[in-house]
Every structure is written in C-alpha cells, then in structure tokens.
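See structure below.
Per chain, numbering begins at 1; letters A, B, ... match sequence-line order. Values below: every heavy atom of this structure, side chains too, minus hydrogens, waters and symmetry copies.
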2 protein chains.
Amino acid sequence: MNRTDGTATSERVLQAAYELFSAKGFHATTTQDICSLAQANIAAVNYYYGSKENLYLEVWRHAAEQTQHHWEECIHEDSPPEEQLRQFIAFRLEAALSDDERGWFTQLIHREMSNPGPLTEELGQRYLFPRVLWFQELVRALVGDKVSERQMRLAGFCIHSPLMHLHEMRMRPDRRPPPPDGGPLADPEALADTVYTFALAGLRELRRLHEEPNR
Amino acid sequence: MNRTDGTATSERVLQAAYELFSAKGFHATTTQDICSLAQANIAAVNYYYGSKENLYLEVWRHAAEQTQHHWEECIHEDSPPEEQLRQFIAFRLEAALSDDERGWFTQLIHREMSNPGPLTEELGQRYLFPRVLWFQELVRALVGDKVSERQMRLAGFCIHSPLMHLHEMRMRPDRRPPPPDGGPLADPEALADTVYTFALAGLRELRRLHEEPNR
DNA sequence: AGAAATATGAAATTTGCGTTTGAATTACAA
DNA sequence: TTGTAATTCAAACGCAAATTTCATATTTCT
C-alpha cells in the first residue's frame, strides 16, 4: 500500500500482537497469527520490529504507558488512605475484568509471571516493582505504626491476593459448570465490596491484636 | 543395562518429567531435557509413555495420587470448621512452599491453569473441581445460613486467594531486591496466622453485616 | 519524470523439537 | 548355549514456526 498505510500497518501489528500475546501468551502466539489478525504479510513483524521477541517488548512498553494514564485517572494520591484502597481495588478489578486493552495488560503480566521468559526480570523491575512499593506504603498508612514491618507486609499480601487471583481466573477458559450466579466475576460491584470489607476487617483485627496483645 | 534397571528408567523419566514440567511448564520442557535429567536416551519418553503429552498426563495422575494421601493426613473431616480451615491453610501453605514433590504439584496446577492446553479442562474436572466443592461447603459452615449464596462464594474467594497467589509467587524466579525479611514466604507460621486472622475477621464482619444490615 | 527510499508479498531457508526407525545390546528362559 | 523379548542408542524424519531473501510495488524527494 502507500506510506501512510505503512505506518498504520505497524500499528495494526502492534495491536494484534497485544491482543494475542495477552490472550494466548508469547509462545502460543505465532507471527502468522499476528499478521493474519493485523491483515499484514508474515514479514511485517520482522520488518517493523526486528523480531517477535522485540515486538513483545514493544507491546509491554505500549501497554505500560496506557496503564499509567489509566492509573492516574483512577487513583488520587491526595485522597485518604481508605479511599485510595477503594480506588485501587476498583482499578484492579476493572483491569482484571474488562475485555479491552486495560484488561489485556493484566493478562500479559500474569502470563509473563507464571511462565517466566528471558525478559521477565527486566519487565518486572521496570513496570511492576514501583507499584508494589506504592501499595506497601498505602498499607502502612492504613495499619498504623504499631504493627511490625513483617506483619504489615503479610497484611498487604492478604489484601492484594484476591486481586491477583482474579486475573488468574479471568484467564482460564473455564468450562466447569458455571455457578448459578456466574462466579465472582459476574458482579464486580459486589466483589469489590467484599474485597474491601475483608481488607478493612482484617486490618482492624490486626490493629486490635497489636494494641491488646494479651488475650 | 539390565531389565530391573529398565523399569527404573521409566521411573526416572517420570520423576524428571514431574520436576521439569512443574518448574518450566509443558511447552518449555523438551523431551531432551527430561531424558537428560533422567539419564536416559531421547527415545525413552516415547518408548515408555507413547508421547510427551501422555507422559504429562501420567505425571498428573501420579501427583494427584500423592497429594490425595497428603490431604488425608492433614485434614480431618471430623474437626470443627474453624479447625479445618486452619488445617487447610497449613496444607496449602506447605504445598506452596515445599521444594519436593508436594510443592511440584501445586506449580503444575498453576501452570496448567494460567497456560491452558488441550488437557486443561479434563484435568480440572478430574482433580481440581472436587476440592473447590469441599472448600465451599467449609465456608458455608463457617459463615452461617443467613448469608446469601453469592456472598458466601465471594467470601470463599477472598479467603482462598492468598493461598492461590502464594503459588504464583513461589513460581517466579524473583530476583527483585528481596525484602529485608524475605517476603511472605520466609516465615510460614506467621503467614498462616495472618491468613487465618484475615479470614476469620472477614467472616465475622460479614455475619455482622447480615445480622444488622441497617447501619 | 526519474531516482531513491520505503513497504509489501510469496517463497526459501533455518532451526528446534517430537517422534520414528532399525540396529545393537542385554536379560532371561529353555 | 541359543533363541526371544525387552531395552538402549544414535541417527534420521517430518513438521511447524521464525526469520531471511529477493522481486515487485508504492511513495517521496529533487
């Protein structure tokens, strides 16, 4: 085609790669798949991105950037901690449940983590680690100063894990007899409420235990 | 070698496959890898098990059997529900953290789930689904009759997820700057305590909300 | 318009992996 | 000892997927 279409081709390839990598993982996705979906020739991947692996990296960069914007829209650093926790839960839930690019990134992360490749470490350092730190600070603010560092971390783990686990469920082609109510993914509102309730209840209990350790 | 060594070869192959499949997943493990680790010829996999895929199935059968024994040792159906929950948490924690065959199965499950293959559905139906049902009944016993089915499920999700998420962490070759205390995996006792505390606190809060829904 | 750069397409090449083959070796029983 | 079945081994095959090649088409620039 023409040149303007040309740059559009590289875009289409990136989009297709994004979608397929998050849906099926790096290895299960062939360059053929990508180029078919992008309606481009098989050579397009290597022409525009050098290699399949490099395209994968580019997808990560693109996805992380988008997610950053979304993060800044959803989470306001000047809200009180409880509110930020709610915002955070909503943010992750939306990321886990939506079927568009916001959701794709979550799946991408999860696939990379549970099936580590040569890039895992770098990607984790660059895109994931900062979020973990942010979250720990939030938990510290919520749990108060009395609780030990270790205890605080464990609490953070318990709060965070439902959100992580959700990604996992989202990703499975679950053809088990679906529960009559559609499982936890069916009603995001109720799920967010429950996660939030459990988090606050756990934190409160923890504070209580640390204030009256005898009993 | 001799014939007795011969049957030992098939054992070694199974063991090696178990270890590698859980460490790297089905696709990332080559028959070459397996046979090298088992100190067997490349043809051994197909000679003894017909195909790589069938060997994978055999590994699952073997692993599930072992895990069943372990389960029966750890969890006593005649204990009160709170006690069973504790036992369950301890069981899953041990499975997630140990470096031997008990831990391997956990990883195997998790890999299969996050990177579904043609066998995923069948394996899930056969080996995983029954456990989910068991757990739901436990949560029902803990949460009482007042709470709705959906709410009960969501609670179960929140309780179960730290254990699932743990598997996930276990699996990553995590070379992030390890937290000074070694992260949640360093002190299984404390982790078990915290998970248990959060679970009970959440359940209590839920019951409370359902008894005095106004406020 | 014509030359240079850029983009596309189809086919060829390469590589890695699962599987097969057939010969060589070993175990065991008659 | 000799025949038979089981096991091991190295090499070869077949296939699928990534990458390269090179010819052709299109755009840009002068």
From A:T31, A:T29, A:L14, residue fulfilling side-chain contact (heavy atoms from CB on, under 4.5 Å) relative to A:L55: A:L14
From CD of A:Q32 over to P of C:dG9, roughly how many Å is that when rounded to an integer? 12 Å
Rounded to whole angstroms, how far apart are CZ on A:R12 and C1' on C:dA7? 12 Å
Just compare C:dC17, C:dT8, D:dA18 and give me whichever is closest to any side-chain atom of A:T30. D:dA18
Should the ring pair B:Y18 and B:W104 be called parallel, tilted or perpendicular, given that the plane angle runs from 0 to 90° and is split at 30 and 60? perpendicular
How many whole angstroms separate atom CZ of A:F26 from atom P of D:dA17? 14 Å
Within residues 34-43 of chain B, the residues having a heavy atom closer than 4.0 Å to DNA chain D are B:N41, B:A43
Measuring to OP1 and OP2 of C:dT19, would you say a side-chain N or O of B:T31 lies under 4.0 angstrom away? no
So is A:K52 actually on top of A:F21's ring, under 6.0 Å and inside 45° of the axis? no
Aromatic rings A:H165 and B:F157: how do their planes relate, parallel, tilted or perpendicular, breaks at 30° and 60°? parallel
To the nearest angstrom, how far is A:Y48 atom OH from D:dT20 atom C1'? 17 Å
B:H70 and B:F91 aromatic ring geometry - parallel, tilted or perpendicular at 30°/60° bounds: tilted
Measure the distance from OH on A:Y47 to P on C:dA11 and round it to the nearest whole Å. 21 Å
Donor-acceptor pair between B:E112 and B:T120 side chains, under 3.5 angstrom: yes
